[in-house]
Amino acid sequence: QVQLVESGGGLVQAGDSLRLSCAASGRTFDNYVYVMGWFRQAPGKEREFVAANTWTGNTYLAEHVKGRFTISRDNAKNTVYLQMNSLKAEDTAVYYCAAGRNSGSIYSRGKYDSWGQGTQVTVSS
């Protein structure tokens, strides 16, 4: 397994930017970290896909964040980042990073077998 710790959340105003970090430890260079994803969950709502990338640099973004968010990773530092620009009130949620290589769509929660504890992002309007 891989252990994941998110950081970088906070309270910001609409239009501001934040960069979330996800530090990984454990089995960082095997199937558990080949695909890394970011999900978010607002109160009363289902956890939803935000972004994902692979060891080789392929990236995937949810339609509602495309053009505003960017996912990247630094394999040497065992860290994945989510750069969030032009934040909106509807981006308010707990953001989770995840790792794994289960079968299924990269957009599905079932793809991932390791999860961080989450970091709160609150955007005021």
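For this chain, numbers begin at 1 and follow the sequence in order.
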Within 45° cone of F39 ring axis and under 6.0 Å: R109 NZ or CZ: no
Below 3.5 Å, can you tabulate the donor-acceptor pairs from side chains in residues 7-17 to any protein atom, sequence neighbours excluded?
residue	atom	partner	partner atom	Å
D16	OD2	Q13	N	3.2
S17	OG	N85	OD1	2.9

Do Y112 and I106 come within less than 4.5 Å of each other through their side chains, counting heavy atoms only? yes
Shortest non-hydrogen contact from M84 to L20? CE-CG, 3.7 Å
Sub-3.5 Å donor-acceptor pair from the side chain of E6 to the main-chain atoms of Q117, do we have one? yes
Taking a hydrophobic cluster as the set of Ile, Leu, Val, Met, Phe, Trp and Tyr residues connected by side-chain heavy atoms closer than 4.5 Å, whether directly or through intermediates, do V5 and L82 fall within one such cluster? no
Do V80 and W38 have side chains that get closer than 4.5 Å, going by heavy atoms? yes
Assess the residue pair Y81 and T70 against the criterion (side chain to side chain contact (heavy atoms under 4.5 Å, CB included)); give the C-alpha distance rounded to whole Å, side-chain angles, the decisive distance to 0.1 Å, and a yes or no. CA-CA 8 Å; Y81 305 97; T70 303; over 6 Å; no
Where do V94 and G118 come nearest, in terms of heavy atoms and distance? CG1-CA, 3.8 Å
For residues 43-96, which residue pairs qualify under disulfide (SG to SG under 2.5 Å), counting only residues two or more places apart or in two chains? none
How long is the gap from CD on E63 to CZ on F49, to the nearest 0.5 Å? 11.5 Å
Is the side chain of T92 donor-acceptor paired with the backbone N or O of V123 at a distance under 3.5 Å, no angle test? yes
So which pairs with a foot in residues 83-94 pass salt bridge (Lys or Arg N to Asp or Glu O under 4.0 Å), sequence neighbours left out? R40-D91, R68-D91
Tightest non-hydrogen contact, residues V2 and S25, listed as CG2-O, 3.1 Å
